[in-house]
Amino acid sequence: QYEGEETLGVSTTLLFTNAKSDGLGVPLPAGRVRVFQGEAKGDALLGEAWLGHTPAGQKINLALGEAFDLSAKRKRTAFRLADDRLSLTETVEVTLSNAKSQPATLRLHESLPRWQDWEITESSQKWERVDAQNIAFDVTVPPGKDSVVRYTVRYRWPADVRP
């Protein structure tokens, strides 16, 4: 059984630490933050977000909105339940597209929700375990190009559990 291709939204996020080494390191008051690309305020607006009161030294994660020049399409290309019904293997392919004129680094989050005992058996890109059921890939996509992330995951469960 295969699923159709699914278009995913790409969120623009700014991550940094409120530290002296990054030019900050002071308590920041709550308020609206606008992020521009370039040296002057007249340059391209990347997005805006609300920042809560933030002490020095804290990590900040600002969700700036959806990107219009980055996209992602996800599809399952293989799916197999083992004859003994104690494991399931599926292959997923995500195509990341960059319509920008410069490279973009995207962090692809993938959920592995079928069972807690899983392993990645093949992957086209380096990945990291985020938590018990999530992995992430950091992928640099060249300007005007696509990058494909393909991975195969195998889930296993005890004999007394049936999918």
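Because the structure is predicted, anything quoted here is derived from the model rather than measured. Values reported hereafter were calculated over all heavy atoms of this structure, with side chains retained and with hydrogens, waters and symmetry mates removed.
The cluster map of Ile, Leu, Val, Met, Phe, Trp and Tyr, joined by side-chain heavy atoms under 4.5 Å apart, puts Phe16 and Val33 in the same cluster. Note on Tyr155: it clusters hydrophobically with Phe79, by side-chain heavy-atom contacts below 4.5 Å among ILVMFWY residues. Ile120 is connected to Val149 through a chain of hydrophobic side-chain contacts under 4.5 Å among Ile, Leu, Val, Met, Phe, Trp and Tyr, so both are in one cluster. Both Val10 and Val92 sit in one connected hydrophobic cluster of ILVMFWY residues. Membership requires side-chain heavy atoms under 4.5 Å apart, directly or through other members. Val130 and Tyr151 fall into different hydrophobic clusters, where Ile, Leu, Val, Met, Phe, Trp and Tyr side chains are chained together by heavy-atom contacts under 4.5 Å.
Stacking of Arg129 on the aromatic ring of Trp118 is recorded, both the 6.0 Å distance cut-off and the 45° axial limit being met.
Atom OG of Ser124 and atom CD of Glu93 lie 8.5 Å apart (nearest 0.5 Å). Interatomic distance, Leu112 CG to Asp131 CG, rounded to the nearest 0.5 Å: 9.5 Å. For the atom pair CD1 (Ile135) and CD (Gln125), the distance works out to 11.5 Å, reported to the nearest 0.5 Å. Here Ile60 contributes atom CD1 and Leu15 contributes atom CG; the two are 10.0 Å apart, rounded to the nearest 0.5 Å. One finds the CZ atom of Arg150 at 7.0 Å from the OG1 atom of Thr77 (value rounded to the nearest 0.5 Å). Between atom CD of residue Glu119 and atom CZ of residue Arg154 there is a gap of 4.5 Å, rounded to the nearest 0.5 Å.
Checked by atom type, the side-chain pair Glu66/Thr12 shows no donor-acceptor distance below 3.5 Å.
Between Trp127 and Leu108, every side-chain heavy-atom pair lies at or beyond the 4.5 Å cut-off. Using a 4.5 Å heavy-atom cutoff, the side chains of Pro158 and Trp115 are in contact. In this structure, Leu106 and Phe137 have side chains that are not in contact, with every pair of non-hydrogen atoms separated by 4.5 Å or more. Residues Val94 and Glu110 are in side-chain contact: their nearest non-hydrogen atoms beyond the backbone lie under 4.5 Å apart. With contacts defined as side-chain heavy-atom distances shorter than 4.5 Å, the pair Pro27/Pro55 does not qualify. Considering only heavy atoms from C-beta on, Leu96 stays 4.5 Å or farther from Leu70 through its side chain.
Minimum interatomic distance between Thr91 and Thr152 (heavy atoms only, all atoms of both residues): OG1-OG1, 2.8 Å. Here the closest heavy-atom approach between residue Ser147 and residue Thr140 is recorded as OG-O, 3.6 Å. Taking all atoms of both residues into account, the shortest heavy-atom contact from Pro142 to Asn98 is O-ND2, 3.4 Å. Listed here is the closest heavy atom pair of Arg107 and Ala136: NH2-CB, 3.5 Å. Residues Asn134 and Ser111 approach most closely at OD1-CA, 3.4 Å, considering heavy atoms. The nearest pair of heavy atoms linking Asn18 to Val26 is ND2-O, 2.7 Å.
With respect to Arg156 and Asp117, no salt bridge is recorded, no charged nitrogen being found less than 4.0 Å from a carboxylate O.
Residue Asp83 places its CG atom among 12 or fewer non-hydrogen atoms of other residues, nucleotides or ligands, all under 6.0 Å distant.
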